[in-house]
Amino acid sequence: ILVPARYESTRFPGKPLVKIKGKEMIIRVLERSLYKHDLYAVVNNQSICDVIKKNGFKYIMIKEKCNTGTDRISLAARKLNLKSNDIIINVQGDEPLIMPWMIEKVINAKIKYPDFVVNAYSKISSEKEFLSKSVIKMAVNRNSNLLFASRAGIPSTKKQIKLDISVKQVCIYAFSFDQLKRFSETEKGPIETIEDIEVLRFIENSICKVKMVNLGNIKLKAVDNPEDVVEVEKLLENE
């Protein structure tokens, strides 16, 4: 399991170290990801390293400039001397409400569908989420394969917002080492560039299909902006 934590966020610089109920966000994510699998934070900043070491976790330093978090994960994976079919789980460092059972569900899907990349999704619960450019909406077919992902509201009607089949991405991914290598060797396409959604690279360039795992109607909140911290803290109180 690799958890990317980049210091230079456009919307929220230094966000891996933001305190959520007194604890750095990256530590919360690592604690929720640590159960029976090997775990590393993937970082590019010494301040984050210091906090991770102080809390007893392992890390991989990647100082190279990367187009996406998945490109950074690919560089980190190469340092671990993995085999082509070894499974790599990417848990985003800004998902402080992730739970171990969610990661396990993604792992199980990856074992069942080894030729697919696996990603997760959950129900959209409000018009605010549906309309937010920070929330990535997913269109999934009847075989649980990803059709498209967008920051726009999809699927959409002509006249009104309907949330009954609207779902959002949960940033847990599963790749084989070979799939991750092919991702990093493929240039961004125009759709991925416009949407700024890296999972689109797999389907835009026909690298492989993406299998989606339904996590149901759960209360998850990624931290994209400073104001998201308050909402996450309220959800932690109700957990």
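Along the sequence shown, the residues carry numbers beginning at 1. Source: prediction; values computed, not measured. Reckoned from all heavy atoms, side chains included, excluding hydrogens, waters and symmetry mates.
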Do [X] and [Y] touch side chain to side chain, with heavy atoms closer than 4.5 Å?
{"X": "Asp224", "Y": "Lys15", "result": "yes"}
{"X": "Val223", "Y": "Glu231", "result": "no"}
{"X": "Glu195", "Y": "Phe148", "result": "yes"}
{"X": "Cys66", "Y": "Leu75", "result": "yes"}
{"X": "Met25", "Y": "Ile20", "result": "yes"}

### Query
Is any NZ, NE, NH1 or NH2 atom of the basic residue among Glu237 and Lys21 found under 4.0 Å from an Asp or Glu carboxylate oxygen of the other?
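Here Glu237 pairs with Lys21 in a salt bridge, since their nearest N and O are under 4.0 Å apart.
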### Message
Can you see whether Phe116 has Lys209 sitting over its ring - NZ or CZ less than 6.0 Å from the centre and within 45° of the normal?
### Response
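No; the conditions do not both hold, so Lys209 does not lie above the ring face of Phe116.
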### Message
For a quick test of reading the model, state the closest non-hydrogen atom pair linking Arg201 to Thr68 and the distance between them.
### Response
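The answer is NH2-CG2, 3.7 Å.
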### CA sep, side-chain torsions, deciding dist, call: Ser132, Arg151, side chain to side chain donor-acceptor pair (under 3.5 Å)
CA-CA 7 Å; Ser132 171; Arg151 296 182 183 278; over 6 Å; no
#### Entry: CA sep, side-chain torsions, deciding dist, call: Phe183, Phe175, ring-ring contact (aromatic ring centres under 6.0 Å, His included)
CA-CA 10 Å; Phe183 176 95; Phe175 329 92; 7.2 Å; no
### Query
Are Lys211 and Asp115 close enough, and set up right, to give a salt bridge (charged side-chain N to carboxylate O under 4.0 Å, His left out), and what steps lead you there?
CA-CA 9 Å; Lys211 184 68 68 177; Asp115 294 334; over 6 Å; no
### Task
Say whether, by atom type as modelled, one donor and one acceptor occur between the side chain of Asp196 and the main chain of Glu192 under 3.5 angstrom.
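Here the side-chain-to-backbone pair does not exist.
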### Query
Is there a donor-acceptor pair closer than 3.5 Å between any side-chain N or O of Glu95 and the backbone N or O of Ile172?
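Side chain of Glu95 to backbone of Ile172, a donor-acceptor pair under 3.5 Å: no, none is there.
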